Amino acid sequence: IWAWKEQYEKRILGQLRDLGASCDWDRTRFTLDDRCATAVREAFLRLFQKGLVRRGKRLVNWDTFLQTAVSDDEVFHEQVKGHFWHIRYEVIDPQPGEPTSVTVATTRPETLLGDTAVAVHPSPALALDAAAAALREKRAAAAAKEQPEIDAAIDDLAARRRDLLPHLETLAAMAKAGRHVRLPLLGRAIPLVADEWAKPEMGSGCVKITPAHDPNDYDVGRRRGLPMLNILNPEGTLNAEAGPYQGLTIRKAREKVVADLETAGQLQQVEDRLIELAHSDRSKTPIEPYLADQWFIRMDELAQPALDAVAQGRIRIVPERYAKSYLDWLSEKRDWPVSRQLWWGHRIPIWHVAGVSEADLAKSFAGRDTVAWRSDEAGGWFVCSSEESLGTESVAGQPLVRDPDVLDTWFSSALWPHSTLGWPAATAELETFYPTAALVTSRDILTLWVARMVIMGVFDTGEIPFHEVYIHPKILDRYGETMSKSKGNGVDPVDVIDSLGADALRFALAGMATETQDVRMPVDFQCPACGHLVEQTVQNRVKPRIDCPKCGKPFRTQWANAAADLDLPRGPAVSEKFEAGRNFSNKLWNATRFVLMNLEGSTPGPLAAMGEVSSLPLEDQWLLSRLASVTRNATRAIADYKFAELARELYAFAWDDYCSAYLELCKARLAEPAHRERAQAMLLLGLDTILRLLHPIMPFVTEEIWQHLHAAAGGRRMPWDDPSSPLAESLMVARWPVPPEAWIDQATETRFGTFLAVVSAIREIRARQNVPPKTRVTAAVRASAETAALLEPMRAAIESMAVADLAALGPTASAPPSAATASAAGCEVFVDLAGLVDVAAEIARLLKENEKTEGFLTAKRQKLANESFVSRAPEAVIAKERAQLAELEDKLSKGRAALDDLRRRQAPA
RNA sequence: GGGCGAUUAGCUCAGUUGGUUAGAGCACCAGCUCGACAAGCUGGGGGUCAUAGGUUCGAGUCCUAUAUCGCCCACCA
């Protein structure tokens with residue numbers, strides 16, 4: 001929304017400026033009256049009444065075309081051709097041996113009308129030495145070809161030291177003695193001051209000081225207690241301070257000042273040079289630094305409770321490291337400038353009235369606690385009120401004139417937690433929902449927004465506004481830059497929703513929400529004609545239309561505005577990042593189709609009565625164990641704001657465990673009437689649980705599936721559902737799963753892992769021997785008696801999943817005469833390929849495999865031979881290493897035997 | 001100038017209190033349309049964990065320095 005608003009604003013203002021229009025803010029400004037306006041006025045009045053609102057001065061970036069201050073991020077710098085004017089200021093009553101004038105150089109000669117001092121460095125010799133030392137250091141570190149340039153600079157400094165230093169020393173002494181110079185053209189006497197801002201290594205070593213129109217000069221002015229003269233009117237003409245130049249525009253004034261200096265003989269030199277000039281992003285007009293009266297909120301008292309809330313842990317910031325920047329920033333207790341010169345916003349509820357006494361005010365507003373006032377220290381009064389209609393009143397015949405400024409957008413935002421609940425009225429919502437639970441936001445507004453919400457929440461209600469603050473990562477573009485309105489590198493989420501779905505978007509975003517990392521998201525434009533992906537680059541990302549490099553047809557982008565562009569088909573900005581989410585939705589949908597298809601003819605009821613877990617088949621015990629541990633991990637991930645972990649855990653469980661393993665196993669069971677019912681129940685249990693766990697990050701597809709399940713299996717109950725009430729109408733209000741911890745069994749998961757490894761080993765042999773998928777093979781598994789015993793019940797499953805007949809399973813199982821081998825989880829797997837086997841390929845693979853095993857074995861032996869490892873490492877670690885060593889030795893000997901076997905077989909051929 | 005963070009596969013990212021052979025998705029290679037799913041299935045290749053030191057039996061993980069990048073703040077940290 002922000003980006004769009006900016007685009008419109010820029011376009012409109014740019015066109016106005018091109019037409020030579022001027023801007024009258026009093027007519028364009030309007031006040032915002034939303035449900036928060038009352039809260040804003042009330043909160044401001046309370047601050048005013050407590051003496052926490054003050055009037056003060058501030059140097060702002062002034063846009064003379066818009067007649068408004070712009071914030072730092074609305075400023076861009078551009079090199080322009082300009083001049084450097086060297087101007088002579090005469091010294092008043094020079095003593096013998098003193099110079100009669102000083103020379104300063106400026107790119108903005110008209111600002112001399114606002115000069116209130118000329119500065120020289122207090123100790124020029126030291127400053128020159130420091131500069132020379134810095135250059136020598138730089139020379140030592142610099143590459144050879146840069147050195148001549150640095151040498152020249154060092155020589156220049158030496159020359160300055162010789163020729164200019166005595167002069168500068170004299171000036172520094174004069175500054176300390178309180179001498180003055182005469183301001184050209186206006187004739188005012190201004191002091192010569194000593195300040196480090198004047199650089200002896202640059203120019204004449206002297207610098208003019210215009211505190212009201214230059215940030216550095218403003219600092220000097222504050223340090224030296226200089227007067228600050230604003231010589232500009234808001235629209236960029238000179239004001240009465242400029243004397244004879246009053247009423248001229250800056251440009252005209254500059255021409256006239258230069259001409260007059262020339263006439264007066266005070267212009268010594270004019271240099272051409274390129275100048276880095278700040279421009280307003282909104283109007284493209286050069287920025288004028290401008291000293292303006294602003295409203296401030298005093299922070300000294302207000303900040304402390306907000307500081308304490310985080311320091312004492314009543315507000316928890318996640319990730320924790322951000323608490324530091326919050327505390328550091330608040331502890332400065334810097335006053336908050338709240339007035340803004342914008343064309344929309346909440347208008348400051350302060351009116352000004354002059355020519356009345358305090359008694360008049362007291363009489364006019366007698367008995368009204370909605371009005372407060374304070375002297376403006378110039379004979380008038382500032383009146384603050386929570387009543388919007390105050391401006392229609394008058395005091396002793398004098399009008400109340402409202403302050404033209406609006407409040408900083410963060411002022412109303414600071415009230416958000418309580419104003420949206422109805423404050424200042426004591427509503428039921430406020431009572432029920434305040435303080436809120438968690439605030440989720442981006443780290444760059446931690447101070448701007450979060451800290452101020454805490455401050456204002458505590459000030460207005462006496463309570464902190466929330467207990468936890470979650471700072472989420474930011475998405476960057478392919479170059480690692482923050483997506484921003486001015487760069488135009490944003491992605492419209494609606495494009496993603498249109499092409500891949502809202503769940504794909506949300507799932508992918510959750511997957512990106514890791515604790516530390518900001519995420520790069522390369523984006524492409526998708527050609528609507530041919531589907532070709534056009535990489536979004538710095539060049540094309542701000543264009544309203546792009547010609548597809550493949551099919552040549554043009555399409556429009558999100559920036560299209562002209563009628564001709566708007567007629568083109570839209571080329572959405574897409575990213576493959578979201579495809580995994582779309583594919584996952586699809587996978588869930590298809591798995592559901594399988595379950596529904598196999599539920600036909602059954603009417604599932606409560607699933608609680610499944611009997612002793614230990615009496616269930618291995619795969620069912622395994623599913624329950626996985627279900628319980630995944631649920632536990634997912635629940636914890638949500639509580640800890642670890643959304644990426646949540647997404648990964650559920651993706652892996654649903655796809656690999658539920659679909660690839662369990663669902664495949666069920667195909668055989670569903671075909672047998674004796675096992676069908678239990679398989680149906682277990683499939684439902686798994687799917688239902690997955691839906692509930694996924695719902696927070698994939699709300700739409702899970703709800704849709706839930707509704708379908710309602711039709712087919714509305715009578716089902718999970719063990720954690722209330723058996724006496726009907727199943728939840730919507731997934732949104734269904735109970736979060738709470739499987740018993742007792743379901744979790746590590747031994748079961750390990751055993752099931754062995755089974756999967758055996759299946760995988762047979763499949764691997766098939767793949768590398770290019771056995772067609774439907775061709776049945778004969779396999780044998782040599783395993784310890786213990787392993788064989790637990791694999792025996794899975795025999796049918798192995799056979800169906802690996803498309804194999806298991807000829808032998810046990811410690812004595814032997815390799816068929818012509819076999820390919822593989823090892824899996826301590827078992828040896830043989831596949832009889834009778835004549836089909838590619839012996840040469842098998843030998844090559846075994847050689848490679850054995851070599852790899854030997855490598856590990858050598859490393860392992862060395863480790864265990866290392867005296868310091870064996871004596872210092874924990875017992876468990878050493879035992880583990882020994883077990884691995886034994887396993888590797890076993891694997892190698894089997895590998896070598898298989899190799900010998902194959903070589904013998906190959907020899908006769 | 002101050003502070004915070006990052007650097008791991010071609011790309012985008014995980015990696016728990018230091019302990020098996022560092023993982024995922026996409027991309028890549030080979031083979032597959034079997035009644036859930038080609039947006040899929042099965043298998044595979046691919047990494048000196050930015051660089052240099054240090055601590056440790058053991059470092060992607062801890063410490064120091066360097067380089068590069070990002071962000072916030074800047075008269076006051």
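Keep in mind that this is a model prediction, so the values were computed, not measured. Letters A, B, ... are given to chains in the order of the sequence lines, protein chains preceding strands, and every chain is numbered from 1.
- Between the C1' atoms of B:U8 and B:C69, the separation comes to 16 Å (whole Å).
- On the P atoms, B:G46 is 16 Å away from B:C29, given to the nearest whole Å.
- Ring pair A:Phe643/A:Tyr470 is perpendicular by interplanar angle, where above 60° counts as perpendicular and below 30° as parallel.
- Ion pairing between A:Arg224 and A:Glu196 holds under the 4.0 Å rule for side-chain N and carboxylate O.
- Counting any heavy atom pair closer than 4.0 Å across all strands shown, A:Val519 reaches sugar-phosphate atoms only and no base atom.
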| said: Between A:Phe525 and A:Glu535, is the side chain to side chain contact (heavy atoms under 4.5 Å, CB included) condition met? List the steps. | reply: CA-CA 6 Å; A:Phe525 290 110; A:Glu535 190 174 302; over 6 Å; no
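- A:Asp328 comes within 4.0 angstrom of a base, heavy atoms only.
- For the pair A:Leu476 and A:Glu332, nearest-nucleotide mapping onto RNA chain B gives the more 5' position to A:Leu476.
- Regarding A:Arg520, its CZ atom lies at a distance of 10 Å from the P atom of B:C11, rounded to whole Å.
- Between the CD atom of A:Glu196 and the P atom of B:C75 there is a distance of 17 Å, rounded to whole Å.
- Regarding A:Asp195, its CG atom lies at a distance of 11 Å from the C1' atom of B:C75, rounded to whole Å.
- B:G54 sits 11 Å from B:A59 when the C1' atoms are compared, rounded to a whole Å.
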| query | Can you give the dot-bracket line for RNA chain B, using ( ) for pairs inside the strand, [ ] for pairs that cross earlier ones, | for pairs with another strand and . for unpaired bases, where Watson-Crick and G-U count if both distances are under 3.5 Å? | reply | (((((((..((((.....[...)))).(((((.......))))).....(((((..]....))))))))))))....
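- Residue A:Thr514 has a polar side-chain atom (N or O) positioned under 4.0 Å from OP1 or OP2 of B:A14.
- Contacts of A:Arg334 with the nucleic acid, taken as non-hydrogen atoms under 4.0 Å apart, include base atoms.
- The existence of a salt bridge linking A:Lys333 and A:Asp300 is excluded, since no basic side-chain nitrogen approaches an acidic carboxylate oxygen closer than 4.0 Å.
- Taking the C1' atoms as reference points, B:A67 lies 46 Å from B:C41, given to the whole Å.
- For the pair A:Asp214 CG and B:C75 P, the interatomic distance rounds to 14 Å; values are reported in whole Å.
- Remark: A:Lys324 engages A:Asp328 in a salt bridge, criterion side-chain N to carboxylate O under 4.0 Å.
- Side-chain atoms of A:Tyr641 never come within 3.5 Å of backbone atoms of A:Val469 as a donor-acceptor pair (strictly under, hydrogens ignored).
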| said: Between A:Trp336 and A:Asp408, is the side-chain hydrogen bond (donor to acceptor under 3.5 Å, both in side chains) condition met? List the steps. | reply: CA-CA 10 Å; A:Trp336 174 14; A:Asp408 179 9; 3.0 Å; yes
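- For the pair A:Asp503 CG and B:A39 C1', the computed distance is 15 Å after rounding to whole Å.
- One finds a salt bridge joining A:Asp805 and A:Arg776 here, because a Lys/Arg side-chain nitrogen approaches an Asp/Glu carboxylate oxygen to under 4.0 Å.
- A gap of 37 Å separates the P atoms of B:U55 and B:C71, to the nearest Å.
- Between B:G3 and B:A39, the distance separating the two C1' atoms is 45 Å to the nearest Å.
- Atom NZ of A:Lys474 is separated from atom P of B:C69 by 18 Å (rounded to the nearest Å).
- Put simply, A:Ser760 has no side-chain N or O that comes within less than 4.0 Å of OP1 or OP2 on B:U42.
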| task | Spell out protein contact along nucleotides 23-38 of chain B as letters: B when the base is contacted, S when just the sugar-phosphate is, - when no protein heavy atom is under 4.0 Å; keep the 5' to 3' order. | result | --SS-----S-B-BB-
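- A:Glu764 comes within 4.0 angstrom of the backbone, heavy atoms only, and of no base.
- Nucleotides B:A30 and B:U66 have their P atoms positioned 49 Å apart, rounded to a whole Å.
- If you check every strand for non-hydrogen atoms under 4.0 Å, A:Arg582 touches a base.
- Comparing B:G43, B:C75, B:C71 against the side chain of A:Arg222 picks out B:C75 as the nearest.
- As rounded to the nearest Å, B:G31 and B:G45 have C1' atoms that lie 15 Å from one another.
- Per the geometry, CD1 belonging to A:Ile762 stands 12 Å off P belonging to B:G43, to the nearest Å.
- In this structure, A:Glu619 pairs ionically with A:Arg669, as a charged nitrogen and a carboxylate oxygen lie closer than 4.0 Å.
- Spacing between atom CZ of A:Phe578 and atom P of B:C11 amounts to 20 Å, rounded to whole angstrom units.
- Remark: A:Asn590 engages A:Asn586, A:Arg593 in a side-chain contact (heavy atoms from CB on, under 4.5 Å) (not counting sequence neighbours).
- Atom CE of A:Met597 sits about 7.5 Å away from atom CD of A:Glu600, to the nearest 0.5 Å.
- Considering only side-chain atoms of A:Pro522, the nucleotide from B:C4, B:U12, B:C71 that sits closest is B:U12.
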